[in-house]
Structures are given as structure tokens and as C-alpha cells.
Amino acid sequence: MYTSEISLAPPYSFERLLRRLETHPDPQLLVDVQEGTLRRVFRVGSRPILVSLQFQGSMEEPVIRLRAESTLSETEQQLLEKTVRHMFSADLDLAPIYDHMRGQQPLVILTERFRGLRPFLDSDLFQCMVKTIIGQQINLVFAASLTERLLELAGDTLQDEEGRVFMAFPTEEAVARLEPDDLRPLQFSQRKAEYIIDYARAIVNGTVDLDRVWQMEDEEIISYLTSLRGIGRWTVECLMMFGMGRPDLLPAADIGLRNGIHMVYGLAEKPDEKEIRRIGEDWAPWRSVCSLYIWEAVGAVRRKEVWE
DNA sequence: GCCCAGGATATCG
DNA sequence: CGATATCATGGG
């Protein structure tokens, strides 16, 4: 066993993260609201390890207590800690973003209501891309259930000491070995099955090198990855936002974002993509967190949190 | 039955 | 070039 404490930049609202997870289910996460704990499997190197992350401290002094159910080498400890810090946007400074948002009337209430909410990122780019492709055009609940079925089909299974079952996200190789006919019974569309498998094969055979994108500008990444069939601009924007934690993305084609801006800005009609990009210009260079908060306004309504 | 969900593509005119 | 049909499924 290995434990450590990870300090995050304040403010961090664990409560807001938990609320968000209600409407954005992640089949890899076992959430225990009572304990304030998230449990899931991480691949450290290639080894799947069960980890529990417990929220401690407070909004202004946030700490996560990490507990791995295996002994870890020093390298593995550092790798795991780095991944967790990445997932929780541990080093993101929200203060200048809130200052910027407070300059725009419709966003003020969001900074108050969702104070301390940070991007909750995927642990790696491969699974972020697969989950984003799965999420194209369908609702979040259906997307989560497709992802869960993919985990059951091709992921590795672990059990904790209480006998609870955890599934690790399938490796690139495991997805690359699938055929569309394996995914069709899981209710993937034929095309979506092809997109995901083709993508995994491109990673495995080296046609695409995800490690390279960290050195690229946003627009470079978009042109690099949209060359793959089934991966459009929206998908890469989501990858940069939820996989890489890039600060200035606006997935303007997103239906949820359109609905959210419609609501938050009190517009007469639903804005189109061009209108979204126009409104979003005022959010630069922090369009990612602004988008997240707009989405969260939609989530709050869906969860029947008070809204006016 | 119809429309919408955190889209992308093929195929029109 | 822009507009349109197609894809799968579940919920309202």
C-alpha cells in the first residue's frame, strides 16, 4: 500500500465536482459521497492499480489523500501523483479567470454559484479521445453506458478487499484488436465502432503519436487529428479541454453549450455556431473555464438546482 | 410517433 | 460551396 497527500490550489470545491458527476457519470469512478471518496483504476506504466482519492481540507485549503492498494516504486509514485494533479487541475489559478468573467454580466452569477469548480480531466489522451468519440451527438447517459460496455468488453478487471469490482480503461492494443462486429451488439453504431477502432489502430501502428501533441499549438493539434476519419473539430477541442487542460477552447458546435449560452445570456433564440464563437471572443484567453461553467449551468438545471 | 441528446460524414444540388 | 440525410438509442 502507498499513501500520500496532494495539495491543490485554492479554491477547490469538491462538492461542486460531486454535483457535476451526478449529471456527468464516469463509469470508471466509484463515488462515495458520504466518505468524500473517488475510487478508480489507474494505469501506472502499464500496471493497473486501484486508487482511492479522499477529499480533505476545505475550499480554501484543499487536500486529496491518495491511497493505492499496491506498493509503488518511486517512479510509479511520481507518475501517479502527476496524473492525479493533472486530473484535478491542481495548479490552475482561478483568480484571474474569475476576474475576467466578472467583467461580463451574464457570467457573474456563474462565478458565484460554481466557485471552486475546476476542469476534471481525463487521466490520459487515449481514453479521453475514445470517450469523446463515443459522446458525439448522443446524450451523456447513453454515452456513459456505451463506455461502460466497452470497459466490460475490453478492459481489465480488479477487485478491492471488499470484493467490489473495478474496470480499467482498455489499452490501445485491446481496442485495436476489436472489430466493429464486436461493438455492434453493445449498441455502438457501425460508424462509431469504426471510428474508435481505426483510431486505436492508428495509435498502435504509430500513424498518430499522441505524445507529440503536447508540444503543438491548438490549431496544429486540430489539423493533425482531424485528418482521422470520425474526428472533427469538436472532438479535438474536447480532447484539448478535457484531456490536456488547455485553457482557451470553445467547442462551438456543442449542443449543450448552445443551450447553455441561450439560457445564461437570455437570448431570444438558440445561437448558431458562428454566434457562439462571436460571444466567446469576450471569454478569451479563458474560454475553457467559461465553457465549463456554461455547461454546468445546464447541468444545474437538469439536476433541478435552483436557477433564475 | 416525434424531437432532442456535449457530431461527423457522405452525398447531393 | 451550403443544405440534408444518416447513424443508434433512450427519455420527454
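Just so we're on the same page: letters track the sequence lines, and every chain starts at 1. The figures that follow rest on heavy atoms only: side chains count, while hydrogens, waters and symmetry mates do not.
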Item to complete: For A:Ile255, answer base if it contacts any base atom (sugar-phosphate contacts may also be present), sugar-phosphate if it contacts only those atoms, and nothing otherwise; contact means non-hydrogen atoms under 4.0 Å.
Response: sugar-phosphate

Atom pairs under 3.5 Å: protein N/O with N/O of nucleotides 10-12 of chain C:
none

Item to complete: Could you pull out all residues at least two apart from A:Glu173 that satisfy salt bridge (Lys or Arg N to Asp or Glu O under 4.0 Å)?
Response: none

Worksheet entry | Pair listing, ring-ring contact (aromatic ring centres under 6.0 Å, His included) test, anchored in residues 48-78 of chain A, at least two apart | A:Phe14-A:Phe55

Response to the item:
The complete set of side chain to side chain donor-acceptor pair (under 3.5 Å) pairs with one or both residues in residues 42-55 of chain A, sequence neighbours excluded, reads A:Arg43-A:Asp156, A:Arg47-A:Glu76

Practice prompt. Please write out which residues are connected to A:Val108 in a hydrophobic cluster, directly or through intermediates, given that two of Ile, Leu, Val, Met, Phe, Trp, Tyr count as joined at side-chain heavy-atom separations below 4.5 angstrom.
Written response: none

Fill in: Outermost DNA chain B nucleotides near chain A [under 4.0 Å, heavy atoms]
B:dA5 to B:dA10

Taking only nitrogen or oxygen atoms into account, show me every contact under 3.5 Å that the protein makes with nucleotides 3-7 of chain C, one pair per line with its distance.
residue: C:dT6; atom: O2; partner: A:Arg191; partner atom: NH2; Å: 2.7
residue: C:dC7; atom: O2; partner: A:Arg191; partner atom: NH2; Å: 3.3

Worksheet item: Closest nucleotide of DNA chain B for A:Phe242 versus for A:Thr226: which of these residues is on the 5' side?
Response: A:Phe242

Worksheet item: Do A:Phe242 and A:Trp295 make the cut of ring centroids closer than 6.0 angstrom?
Response: yes

Worksheet item: Taking the P atom of each, how far is B:dA8 from C:dG10, in whole Å?
Response: 23 Å

Worksheet item: Who are the side-chain hydrogen bond (donor to acceptor under 3.5 Å, both in side chains) partners of A:Asp272, not counting sequence neighbours?
Response: none

Practice prompt. Just call it for A:Lys131: base, sugar-phosphate, or nothing, with non-hydrogen atoms closer than 4.0 Å on any strand.
Written response: nothing

Worksheet item: Which part of the nucleic acid, if any, lies within reach of A:Ile133 when heavy atoms closer than 4.0 Å are counted: base, sugar-phosphate only, or nothing?
Response: nothing

Discussion item. Do A:Leu92 and A:Ile97 have side chains that approach each other closer than 4.5 Å (heavy atoms only, starting at C-beta)?
Written reply: yes

Practice prompt. For C:dG2 versus B:dA5, give the span between their C1' atoms, rounded off to a whole number of Å.
Written response: 24 Å

Worksheet item: Looking for any heavy atom pair under 4.0 Å, which part of the strands does A:Thr132 touch: base, sugar-phosphate only, or nothing?
Response: nothing

Practice prompt. Quick one: label A:Arg258 by what it contacts on the DNA or RNA (base, sugar-phosphate, nothing), any heavy atom closer than 4.0 Å.
Written response: nothing

Discussion item. Base, sugar-phosphate or nothing for A:Leu292? Non-hydrogen atoms, less than 4.0 Å.
Written reply: nothing

Worksheet item: What pairs meet the ring-ring contact (aromatic ring centres under 6.0 Å, His included) rule with one or both residues in residues 166-206 of chain A, with sequence neighbours excluded?
Response: A:Phe126-A:Tyr199

Discussion item. Can you list everything that forms a ring-ring contact (aromatic ring centres under 6.0 Å, His included) with A:Trp283? Sequence neighbours excluded, please.
Written reply: none

Counting only pairs under 3.5 Å, give me each side-chain donor-acceptor contact of residues 214-221 of chain A, with atom names and distances, residues two or more places apart or in other chains.
residue: A:Asp218; atom: OD1; partner: A:Arg246; partner atom: NH1; Å: 2.7
residue: A:Glu219; atom: OE2; partner: A:Arg233; partner atom: NH2; Å: 2.9
residue: A:Glu220; atom: OE2; partner: A:Glu217; partner atom: N; Å: 3.0

Discussion item. Taking the nucleotide of DNA chain B with the nearest heavy atom to each, does A:Leu140 or A:Gly230 sit closer to the 5' end?
Written reply: A:Leu140

Worksheet, complete the sentence: Applied to residues 80-100 of chain A, the salt bridge (Lys or Arg N to Asp or Glu O under 4.0 Å) test, sequence neighbours excluded, yields A:Arg85-A:Asp91, A:Asp99-A:Arg102

Fill in: Rounded distance in Å between the P positions of C:dT4 and B:dG6
24 Å

